[in-house]
Amino acid sequence: MIIQFKKPLNQEILKDILNTMKQEHHHGILVDNHLVVFDIDSFDFNERQKSVIDRIEQHQPRYVLSSRAFKSDDTIIKTAHNEIGGNNFTVMAGPCSVENEEMIHRLAAEVKAAGATVLRGGAFKPRTSPYDFQGLGVNGLKYLREAADENGLDVITEVMSVAEIESVGQYTDIFQIGARNMQNYELLKAVGRTHKPVALKRGLSATIDELLNAAEYIASEGNFNIMLVERGIRSFDGTYTRNVLDVGAVPVLHKLTHFPVIIDPSHAAGHADLVAPLAYAGVAAGAQGLLIEVHQDPARALSDAAQQLTPAQFTKLVDHVNKIRAIDHEDELEAAEKSVYQQDSDSANNNG
Ligand code: PEP
Ligand code: MN
């Protein structure tokens, strides 16, 4: 049961309600003006208690803090250069891995010119084989930060373990939790104890409910700066696509959660020529941002060579995405015009 209190909170009656719950051995948490009580879906409040209650939601999902039932308006994450979520659209781009200083500086300028406002790049890489390039570590983080600052961009980079949170946190604006770590609960709790934004990638075989419960681990520690990243799930046919981009997950997540939803078409596609069509589908479905891998010379990339776009391909993709977004925006404008027209005719009728 979610109890939403009227604002400003009446501390005295609130205390009384909390005491009543405690006496009856009900387990709950209080966040802002919401009290979540886990083990009941109704309660016989007295009149005085009722007077401070705005709304009661009887049934709540296990991922309560992440749910729309708990918070109906979109979460907007503020960083130095961005507001992510709501009606904003955020393009994050850069190489799979930071390979050297010069490449990340050049790419930062190029993705910025194309419209990106967040620079991505892995410095600690989760590779399928221990013999593959594992990233430049802290040096990679330094290059990434400097390149982003030089171009007025935010940084997103992966953190793979609890032990790395402090050092990665010194360089990044957004922690990326990779698909392979989506259910690393200690890591989720630890980034939850920071207040830094977290981009949580959907696990390779995770259901939507599992993704939301993973987000809940972060939120339950007090960090609500969470964005969810759909990056494709594994299916039976990996012949032509690396993963299957779950486009339907975008509207479903919008219904279930207030957190922003970002599409990563690069890891879903696995092939450069499929990145743009998947990005367009995700944007048309309502994604609030894109995470795209871009490399100057994809064929020579030290990781994910097949799926990275050249800066020119990326520029074209962003231009098309803006056109798709403009179509959606036209609908909004039309609706706004209609409502103005309606108001005009209402007032004309009233006057008449
Ligand atoms: C990445 O972003 O480079 C990456 C490894 O992503 P994922 O965790 O989605 O595979
Ligand atoms: Mn990659």
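Being a predicted model, the structure only gives us computed values, none of them experimental.
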Cationic N near anionic O, under 4.0 Å, Asp149 to Arg145: yes

Close side-chain approach of Ile226 and Thr257, heavy atoms under 4.5 Å: no

Sorted by chain and residue number, the side-chain hydrogen bond (donor to acceptor under 3.5 Å, both in side chains) partners of Arg231 (sequence neighbours excluded) come out as none

Could you walk me through whether Ile263 and Val283 pass the side-chain contact (heavy atoms from CB on, under 4.5 Å) test, one step at a time? CA-CA 8 Å; Ile263 286 282; Val283 172; over 6 Å; no

Less than 4.5 Å apart, side chain to side chain, heavy atoms only: is that true for Tyr280 and Leu317? yes

Test log, rule side chain to side chain donor-acceptor pair (under 3.5 Å), inputs Thr207 and Asp209: CA-CA 5 Å; Thr207 64; Asp209 278 348; 5.6 Å; no

Could you please spell out the steps behind the side chain to side chain donor-acceptor pair (under 3.5 Å) verdict for Asn82 and Thr117? CA-CA 7 Å; Asn82 287 283; Thr117 50; 2.6 Å; yes

State plainly whether the residues Glu47 and Lys50 are in salt-bridge range, i.e. N to O under 4.0 Å. yes

side-chain contact (heavy atoms from CB on, under 4.5 Å) with Val168: which of Thr157, Val191, Val155? Thr157

Under a 4.0 Å N-O cut-off, is there an ion pair linking Asp246 with Arg202? yes

By side chain to side chain contact (heavy atoms under 4.5 Å, CB included) - contacts of Lys189 (at least two apart): Glu186, Arg193, Tyr217, Glu221

Compare every heavy atom of Gln307 with every heavy atom of Glu293, then report the nearest pair and how far apart it is. OE1-NE2, 2.7 Å

Show, in sequence, the C-alpha distance, side-chain angles and deciding distance for Ile3 and Phe43, and conclude whether the side-chain contact (heavy atoms from CB on, under 4.5 Å) test is met. CA-CA 10 Å; Ile3 306 158; Phe43 193 79; over 6 Å; no

Return the NZ to CZ distance between Lys71 and Phe259, rounded to the nearest 0.5 Å. 8.0 Å

Please tabulate, one pair per line, all N/O donor-acceptor pairs under 3.5 Å involving side-chain atoms of residues 60-67, not counting sequence neighbours.
| unit_1 | atom_1 | unit_2 | atom_2 | d |
| --- | --- | --- | --- | --- |
| Gln60 | OE1 | Met1 | N | 2.4 |
| Ser66 | OG | Glu216 | OE1 | 2.7 |
| Ser67 | OG | Val64 | O | 2.7 |
| Ser67 | OG | Phe70 | N | 3.2 |

Test Val91 against Val111 for side-chain contact (heavy atoms from CB on, under 4.5 Å), laying out the working first. CA-CA 9 Å; Val91 180; Val111 298; over 6 Å; no

Taking the basic N atoms (NZ, or NE/NH1/NH2) and the acidic carboxylate oxygens, is any pair closer than 4.0 Å for Glu158 and Arg180? no

Steps toward side chain to side chain donor-acceptor pair (under 3.5 Å) verdict (Asp173, Thr79): CA-CA 7 Å; Asp173 300 290; Thr79 59; over 6 Å; no

Heavy atoms from other residues, nucleotides or ligands near CG of Asp44 exceed 12 (cutoff 6.0 Å): no

Salt-bridge contact Arg127-Asp304 (side-chain N to carboxylate O under 4.0 Å): no

Please determine whether side-chain contact (heavy atoms from CB on, under 4.5 Å) holds for the pair Ile174 and Met227, giving the CA-CA distance in whole Å, both sets of side-chain angles, and the decisive distance to 0.1 Å. CA-CA 10 Å; Ile174 303 168; Met227 59 199 98; 3.8 Å; yes

Judged by atom type as modelled, is there a donor-acceptor pair below 3.5 Å linking the side chain of Asn151 to the main-chain atoms of Ala147? yes

Mark yes or no for whether Gln4, through its side chain, and Asn33, through its backbone, hold a donor-acceptor pair below 3.5 Å. no

